[in-house]
Amino acid sequence: MTTTLHSAIQALLSSTVLDPHHEMHKPARPVITLSRDHGALGRQVALGLSQRLGVPVYDREILDKVAERLDTDPQTLKMLDECVARARDMWLVRLFTGKELTEDAYRTQLVNVILSLGRVGGIILGRGANVILSTSCALRVRITASPEVCLQRVMARHHLGEAEARAQIEEINTNRGRFVWELFHRRNSDATSFDLVINTDRFADAEPVVDLIEQAYRTLEKQAVAESTKEPA
């Protein structure tokens, strides 16, 4: 994590516990949550949006801050992250650290970290951020693609054979979906959990997808500003 990024997160995470049901004011910078299928160009889109909008991408940094708030080693906490989806295996943390960790404590700190990031702006990858920021000004995006297109991209990008690439895609997608379900009881396949769902099958690269998302965010931003300045009836 860069010093600037670490400082930004550190400054945001005060001792005040944030209410996940509280509707946040429009942040100073764009906030976009990005849920993605493995091989659907999600990370490339995130990096493109980061450059275009001038905001950071938050991924493993989220886990580092949750671990810090729980006084737990980040490497151990990765066992509970969306990459391995063991949100209910809290006994593993006790086994490796000797510390008790409940699912509620983990979920609470995850929610507080993402709510805090939602107040400053950035591209937030996965981890149920679309659920946590459902009443905020964040644009909630889902990036998907057909299994065969994802397969070809993963094979090419990671230099894998077909069987190995299929197994990797299935494992990662299953774990991401299980993580959100176990913590928030929502499905990544539920389109109503997102403001925008994009199938990247027909896009050769991330640039046109970034264009679409930026336009959608600007529209949402204008609407939020208009509603905030509307005089009460």
Side-chain angles (χ1 to χ4, degrees), residues 20 24 27 30-53 55-60 62-63 81-85 87 107 110-111 113-115 117-118 121-154 157 168-221 223-224:
M24 291 183 286
V31 180
I32 297 174
T33 74
L34 202 62
S35 171
R36 73 280 189 214
D37 286 333
H38 187 49
L41 299 179
R43 181 164 290 278
Q44 293 91 324
V45 169
L47 294 174
L49 284 168
S50 174
Q51 184 174 13
R52 179 79 60 85
L53 301 176
V55 294
V57 176
Y58 298 106
D59 186 7
R60 294 298 177 88
I62 298 170
L63 184 65
D81 194 36
E82 68 168 6
C83 299
V84 289
R107 179 171 47 242
L110 175 65
V111 167
V113 168
I114 290 178
L115 282 173
L117 297 179
I123 313 302
I124 306 175
L125 289 181
R127 295 174 181 82
N130 61 298
V131 180
I132 297 168
L133 297 179
S134 61
T135 62
S136 76
C137 290
L139 178 69
R140 303 169 302 155
V141 180
R142 171 80 179 158
I143 304 293
T144 187
S146 64
E148 288 307 311
V149 169
C150 288
L151 177 66
Q152 295 303 317
R153 288 173 178 164
V154 171
R157 188 183 312 143
Q168 183 183 101
I169 291 169
E170 182 178 359
E171 180 181 14
I172 291 176
N173 287 345
T174 298
N175 287 342
R176 286 173 177 169
R178 186 183 302 151
F179 177 90
V180 175
W181 175 253
E182 288 188 359
L183 288 182
F184 305 109
H185 296 290
R186 298 300 293 268
R187 301 289 187 190
N188 283 337
S189 58
D190 181 3
T192 62
S193 295
F194 304 94
D195 303 306
L196 183 65
V197 179
I198 302 177
N199 177 356
T200 63
D201 277 6
R202 300 173 66 182
F203 296 99
D205 57 60
E207 193 67 18
V209 183
V210 171
D211 292 339
L212 285 172
I213 296 173
E214 181 185 17
Q215 182 178 355
Y217 180 80
R218 296 306 182 193
T219 300
L220 187 67
E221 185 180 44
Q223 180 178 309

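Quick caveat, the model's predicted, so the values are computed rather than measured.
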Quiz item: Atom CG in Leu115, atom OG1 in Thr135: separation rounded to 0.5 Å?
Solution: 8.0 Å
Quiz item: Just wondering, do Phe203 and Ile198 contact through their side chains at under 4.5 Å, heavy atoms?
Solution: yes
Quiz item: Quick one: CD on Glu171 to NE2 on His38, what's the gap to the nearest 0.5 Å?
Solution: 9.5 Å
Quiz item: Which heavy-atom pair separates Leu125 from Ala46 by the least distance, and what is that distance?
Solution: CD2-CB, 3.8 Å
Quiz prompt | Evaluation steps, side-chain contact (heavy atoms from CB on, under 4.5 Å), between Leu133 and Ile124 | solution = CA-CA 10 Å; Leu133 297 179; Ile124 306 175; 3.9 Å; yes
Quiz item: So, for Leu139 and Ala216, which heavy atoms are closest and what is the spacing to 0.1 Å?
Solution: CD2-CB, 3.9 Å
Quiz prompt | Nearest atoms (heavy-atom pairs only) where Thr33 meets Ala138 | solution = CG2-CB, 4.4 Å
Quiz prompt | 4.5 Å side-chain heavy-atom contact, Asn173 and Arg178 | solution = no
Quiz prompt | Sidechain N-carboxylate O distance under 4.0 Å for Glu207, Arg52 | solution = yes
Quiz prompt | Side-chain donor-acceptor pair present, Ser134, Arg186, cut-off under 3.5 Å | solution = no
Practice problem: Please examine the side chains of Phe184 and Val111, heavy atoms only from C-beta on, and report whether any two atoms are closer than 4.5 Å. | Solution: yes
Self-check item: Where at least one partner belongs to residues 142-152, residue pairs that pass side chain to side chain donor-acceptor pair (under 3.5 Å), sequence neighbours excluded
Solution: Ser35-Arg142, Asp37-Arg142, Asp37-Thr144, Ser146-Asp201, Glu148-Arg166
Quiz item: So which heavy atom on Arg157 is nearest to which on Leu41, and how close?
Solution: NH2-CD2, 4.2 Å
Quiz item: About how many Å separate CD1 of Ile172 and CZ of Arg36, when rounded to the nearest 0.5 Å?
Solution: 9.0 Å
Quiz item: With side chains defined as the heavy atoms from C-beta onward, is the minimum distance between Val141 and Ile32 less than 4.5 Å?
Solution: yes
Quiz item: For the atom pair OG (Ser50) and CG (Leu34), what is the distance rounded to the nearest 0.5 Å?
Solution: 11.5 Å
Practice problem: Taking all non-hydrogen atoms of both residues into account, name the closest pair between Pro30 and Leu53 and its distance. | Solution: CB-CD1, 3.9 Å
Self-check item: Reported CD1-to-CZ distance for the pair Ile143 and Phe194, which is rounded to 0.5 angstrom
Solution: 10.0 Å
Practice problem: Decide yes or no for Arg140 and Leu196: does some side-chain heavy atom of the first lie under 4.5 Å from some side-chain heavy atom of the second? | Solution: no
Quiz item: Got a sec: does the CZ of Arg43 have more than 12 other heavy atoms crowding it under 6.0 Å?
Solution: no
Exercise. Answer whether the closest heavy-atom distance between the side chains of Gln44 and Asp205 falls below 4.5 Å.
Key: no
Quiz item: Can you tell me how far OG of Ser193 sits from CG of Asn188, rounded to the nearest 0.5 angstrom?
Solution: 8.0 Å
Quiz item: Hey, does Arg176 have a side-chain heavy atom less than 4.5 Å from the side chain of Val180?
Solution: no
Practice problem: Could you tell me which non-hydrogen atom of Ala145 sits nearest to which non-hydrogen atom of Asn199, and how far apart they are? | Solution: CA-OD1, 3.6 Å
